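What you are looking at is a predicted structure, and each value in this text was computed from that prediction instead of being measured.
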Amino acid sequence: QLQLVESGGGSVQPGESLRLSCAASGFTLDFYAITWFRQVPGEEREGVSCINSANVTIYWVDSVKGRFTISRDNAKNTVYLQMNSLKPEDTAVYYCAAAQYYCSGRSGRYDFDYWGQGTQVTVSS
């Protein structure tokens with residue numbers, strides 16, 4: 001079955017860390033760019049970070065720069081989002097999505113070949 005599965009979300013206190021995983025099943029991620037999105041209910045989906053097939057990364061949200069790190073392990077067919085120094089405003093459902101090769105900056109559902117179902121990240125005291 002061709003799918004992406006996110007994991008690693010949970011509930012943490014401010015200042016703590018989480019590592020999200022986006023694992024592909026049924027296909028290889030080697031030639032895909034993976035984007036991490038996040039969405040708060042009632043708000044627009046926001047592109048957080050992307051890593052392309054050449055391992056070039058981009059961080060679109062200023063508030064995560066220096067705190068979040070996107071990486072990939074092709075041997076494990078997995079992309080990660082390491083989130084450090086988490087803040088309450090990071091609370092959202094985090095999704096990963098795959099498109100071939102490039103980080104286009106697009107955010108539409110049909111701009112991507114695959115979407116995960118999302119994992120909840122809650123940061124609160």
>> Any salt bridge linking Asp62 with Lys65? Criterion: basic side-chain nitrogen under 4.0 Å from a carboxylate oxygen.
In response: yes
>> Taking the basic N atoms (NZ, or NE/NH1/NH2) and the acidic carboxylate oxygens, is any pair closer than 4.0 Å for Arg72 and Asp30?
In response: no
With distance as the sole test, does [X] use its side chain to make a donor-acceptor pair with the main-chain N or O of [Y] at under 3.5 Å?
| X | Y | answer |
| --- | --- | --- |
| Thr122 | Ser11 | no |
| Arg67 | Ser85 | yes |
| Ser49 | Ile58 | yes |

As an exercise, state the distance from [atom1] of [X] to [atom2] of [Y], rounded to the nearest 0.5 Å.
| X | Y | atom1 | atom2 | value |
| --- | --- | --- | --- | --- |
| Leu81 | Ile34 | CG | CD1 | 12.0 Å |
| Ser107 | Glu46 | OG | CD | 10.5 Å |
| Leu29 | Leu4 | CG | CG | 6.5 Å |

Identify the heavy atoms of [X] and [Y] that sit nearest to each other, and give their distance.
| X | Y | answer |
| --- | --- | --- |
| Gln39 | Glu43 | NE2-O, 3.2 Å |
| Asn52 | Ala33 | CA-CB, 3.7 Å |
| Gly118 | Glu6 | N-OE1, 2.8 Å |
| Arg38 | Ser63 | NH2-OG, 3.9 Å |
| Thr91 | Val40 | O-CG2, 3.4 Å |

> Which residue pairs pass the salt bridge (Lys or Arg N to Asp or Glu O under 4.0 Å) test with at least one member in residues 95-106, sequence neighbours excluded?
Replying inline: Arg106-Asp111
> Which residue pairs satisfy the ring pair (Phe, Tyr, Trp, His ring centres under 6.0 Å) criterion with at least one member in residues 34-54, sequence neighbours excluded?
Replying inline: Phe37-Phe112, Phe37-Trp115
> Can you pull the ring pair (Phe, Tyr, Trp, His ring centres under 6.0 Å) pairs that have at least one residue in residues 2-31, sequence neighbours excluded?
Replying inline: Phe27-Tyr32, Phe27-Tyr114
Any heavy-atom pair between the side chains of [Y] and [X] that's under 4.5 Å?
| X | Y | answer |
| --- | --- | --- |
| Val123 | Gln13 | no |
| Pro88 | Ser124 | no |
| Trp60 | Cys50 | yes |
| Leu86 | Leu18 | yes |
| Arg45 | Arg109 | yes |

> Considering residues, nucleotides and ligands other than Gln117, do more than 12 of their heavy atoms fall under 6.0 Å from its CD?
Replying inline: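 Atom CD in Gln117 is not packed in, count stays at 12 or less.
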>> Checking side-chain polar atoms at under 3.5 Å, does Arg19 have a donor or acceptor matched by the opposite partner on Tyr80?
In response: no
>> Can you see whether Ser17 engages Asn84 through a side-chain donor-acceptor pair at a distance of less than 3.5 angstrom?
In response: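 Yes, side-chain donor-acceptor contact under 3.5 Å.
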